[in-house]
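What follows is a short report on a single structure.
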Amino acid sequence: MKSDLSVRGMRDYYPDVYSRLQHIINAWRKTALCYGFEEFEGPVIESLDLYKIKSGDEIIRQLYNFTDKGGRELALRPELTPTLARMIAKVQSEAPKPIKWFSIPRCMRYEKPQKGRLREFFQFNVDIIGEEEGLGDVEVISVAIDSLVALGLTERDFVVKINNRDFVSEYFKSMGVSEDISLRLYKIIDNARKVDEQTTRDAIDELNFNQAQKKALDDYLAIKNIQDLKSLSYTNDGKEALIYIFSLLEAAGMDDFCSLDVAVVRGLDYYTGTVYEIYDRSERMRAICGGGRYNHLLKEFGGIEIPACGFGMGDVVLGEVLAEKGLLPAYSRQIDYFLVRITEEELGTLLKVAHSLRQKGFIVEHTYRPLAVKKQMARASKVGANKVVIFGADELGDGKVTEKDMLTGKELKKALTDYIQ
RNA sequence: GUGAGCGUAGUUCAAUCGGUAGAGCGCAAGAUUGUGGAUCUUGACGUUGCGGGUUCGAGUCCCGUCGCUCACCCCA
């Protein structure tokens with residue numbers, strides 16, 4: 001192998017790979033648009049400070065940053081939310097609420113590449129700004145669901161696991177658990193799906209809960225569905241919100257895709273209400289999508305408190321899920337007409353027909369060099385041409401050409417004027 | 001950032017106890033000259049990721065390095 005100048009973790013989208021990416025992106029865009037979301041885009045490069053606001057200095061280890069020729073500290077965007085927040089801050093006072101925006105940014109993260117995680121990826125972002133918890137959250141979740149359905153997935157393939165941050169934090173607080181211990185508990189609960197039961201049990205034991213706290217935790221973990229939640233004697237605003245959200249999901253016909261999962265707790269640092277993650281039912285992969293409500297986040301960027309919710313869905317895990325289920329379309333070129341000439345005498349006529357057909361919107365190709373007819377036919381076959389039109393002196397003398405259907409192999413004579421009008 | 005496995009033609013892979021590299025696919029040319037997908041024939045392409053060491057001799061063993069993959073950390 002010769003020297004490879006490609007950059008680590010960056011992706012080369014060869015035509016077949018790119019067509020599969022486009023397949024995913026098209027489904028995302030189409031779905032968001034039909035819910036009335038407006039598409040926007042931001043810069044690929046942002047100031048490094050923008051990312052420090054939310055995450056502090058340690059974020060630098062996980063993103064691409066550099067100093068430009070003017071001495072500015074910059075970063076390649078690792079996500080879109082800070083950009084969205086920055087842009088919203090400038091227009092939020094005059095923009096009619098709610099603001100419904102979506103974007104499909106190309107993002108970069110300085111991480112060690114592994115399954116489901118690359119340094120470069122596309123992420124479908126859908127957000128509603130200026131609307132309190134309720135139907136907006138359900139609509140955003142519906143966009144996520146419908147975009148997956150548009151790609152051929154069904155309720156048997158994936159599940160939206162929903163929880164509520166307020167419900168969890170208030171519940172733990174009522175157990176008499178400190179904020180500190182709560183954070184450790186979140187991690188343990190989140191990790192539970194990856195490790196065996198005993199490991200989880202041991203980790204919980206280390207927290208030294210008293211009998212009442214253990215009971216409360218067991219009760220919490222025993223909540224497996226919305227019915228369990230409803231019958232729970234304990235209540236708080238988060239619980240009521242969850243019940244309300246599920247009633248709306250049912251009304252919208254989305255409930256088959258959704259389930260309450262009290263183990264969905266990670267990424268809770270800035271979420272304030274409804275939170276969710278979408279998983280392949282096999283659960284053998286990372287989350288396909290994650291999102292929720294973040295009512296205080298925009299204040300950190302723009303200084304004004306404004307409620308918001310949204311999700312991010314990457315192309316990497318989703319692409320793996322679709323590939324595993326055979327839902328990515330096989331790649332093939334689509335050529336409507338491949339024009340073949342017997343000799344260079346017919347080249348002029350061929351070019352005129354080519355142009356005319358292209359004006360009508362057909363995809364037309366021909367060889368550049370005057371190859372043997374056999375070679376031209378082989379080429380037509382290889383590029384997947386539906387029809388071949390042969391330009392030869394014999395037929396052209398009568399103002400005709402031969403059109404061959406490459407699937408059936410049948411040929412028929414057609415008038416030149418059928419192509420040029 | 002930590003750990004494990006793997007790096008052989010464009011690609012997928014093979015090469016016994018260390019004995020100086022091979023196949024399929026693909027690509028190119030051809031099988032009497034206005035017709036493709038099949039078959040057949042022929043051909044091109046490798047300093048075995050890179051550097052060093054052990055050895056008479058290394059694709060094979062050892063060290064380093066880079067890269068890929070997977071897991072951990074992290075996941076905005």
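Lettering of chains follows the sequences in order, A, B, ..., and the numbering in each one begins at 1.
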Contacts under 3.5 Å, N or O only, protein and nucleotides 38-42 of chain B:
none

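The side chain of A/K374 lies closest to B/G36 when the candidates are B/G36, B/A76, B/G34. Out of B/C73, B/U35, B/G36, the shortest distance to the side chain of A/M406 is found at B/G36. The side chain of A/V373 sits closest to B/G34 out of B/A76, B/G36, B/G34. Side chain of A/R117, nearest nucleotide from B/A71, B/A76, B/C75: B/C75. Listed candidates were B/G36, B/G34, B/A71. Nearest to the side chain of A/S381 is B/G36.
Taking 4.0 Å as the cut-off between side-chain N and carboxylate O, A/E403 and A/K387 count as a salt-bridged pair. Look at A/E120 and A/R106 and you find a salt bridge, because one of the NZ, NE, NH1 or NH2 atoms lies within 4.0 Å of a carboxylate O, short of that distance. A salt bridge is absent between A/K360 and A/D336: the closest approach of a Lys/Arg side-chain nitrogen to an acidic carboxylate oxygen does not fall below 4.0 angstrom.
Map A/P113 and A/K375 each onto its nearest nucleotide of RNA chain B; the residue landing nearer the 5' end is A/K375. For the pair A/A372 and A/L407, nearest-nucleotide mapping onto RNA chain B gives the more 5' position to A/A372.
Atom CD in A/E411 sits about 7 Å away from atom C1' in B/U35, given to the nearest Å. Atom NZ in A/K187 sits about 13 Å away from atom P in B/C72, given to the nearest Å. Separating the CD atom of A/E79 from the P atom of B/C75 is a distance of 12 Å, rounded to the nearest angstrom. Rounded to whole Å, the distance from CD on A/E277 to P on B/A76 is 8 Å.
The shortest heavy-atom contact between A/Y186 and A/V265 is O-CG2, 3.2 Å.
Contact annotation for A/K404: base contact, defined as any heavy-atom pair under 4.0 Å involving a base atom. Counting non-hydrogen atoms under 4.0 angstrom, A/G409 reaches a base of the nucleic acid. At the heavy-atom level, A/K52 lies nowhere under 4.0 Å from the strands shown. No engagement by A/Q376 is indicated, since no non-hydrogen atom pair under 4.0 Å with the nucleic acid exists. At the heavy-atom level, A/Q123 lies nowhere under 4.0 Å from the strands shown. No contact: A/A380 has no heavy atom under 4.0 Å from any strand. Within the nucleic acid shown, A/L63 has no heavy atom closer than 4.0 Å to any nucleic acid atom. Contact annotation for A/R109: base contact, defined as any heavy-atom pair under 4.0 Å involving a base atom.
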Under 4.0 Å protein heavy-atom contact, by nucleotide of nucleotides 2-7 of chain B - B base, S sugar-phosphate only: B-----
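Nucleotides B/U39 and B/C63 are separated by 47 Å at their P atoms, to the nearest Å. With P as the reference atom, B/A15 and B/G53 are 29 Å apart, rounded to whole Å. Nucleotides B/G67 and B/A29 place their P atoms 38 Å apart, quoted to the nearest Å. A gap of 8 Å separates the C1' atoms of B/G10 and B/C45, to the nearest Å. Rounded to a whole angstrom, the distance from the P atom of B/A14 to that of B/U8 is 10 Å.
The distance from atom SG of A/C309 to atom CD of A/E139, rounded to the nearest 0.5 Å, is 9.0 Å. From A/I204, atom CD1 reaches atom CD of A/Q213 across 12.0 Å, with rounding to the nearest 0.5 Å.
With hydrogens and angles left out, the side-chain atoms of A/D127 and A/Y294 include a donor and acceptor closer than 3.5 Å.
Taking the side chain as every heavy atom from C-beta outward, A/I141 and A/M254 never approach each other to under 4.5 Å. For the pair A/I245/A/V138, a side-chain contact is recorded, criterion being any heavy-atom separation below 4.5 Å from C-beta on.
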Pair pattern of RNA chain B in dot-bracket, where unpaired bases get dots and | marks partners in another strand, Watson-Crick or G-U under 3.5 angstrom: (((((((..((((.....[..)))).(((((.......))))).....(((((..]....))))))))))))....
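In terms of polar N and O atoms assigned as donor or acceptor, the side chain of A/Q62 never comes within less than 3.5 Å of the base of B/G1 in a complementary pairing.
Cation-pi geometry between A/K100 and A/Y35 is not met at under 6.0 angstrom from the ring centre and within 45 degrees of the axis. For A/R119 and A/Y110, the positive end sits near the middle of the six-membered ring, less than 6.0 Å away and at most 45° from its axis.
Of the options A/K325, A/R286, A/R156, a salt bridge (Lys or Arg N to Asp or Glu O under 4.0 Å) to A/D280 is made by A/K325 and by none of the others.
A donor-acceptor contact shorter than 3.5 Å links the side chain of A/R341 to the backbone of A/T367.
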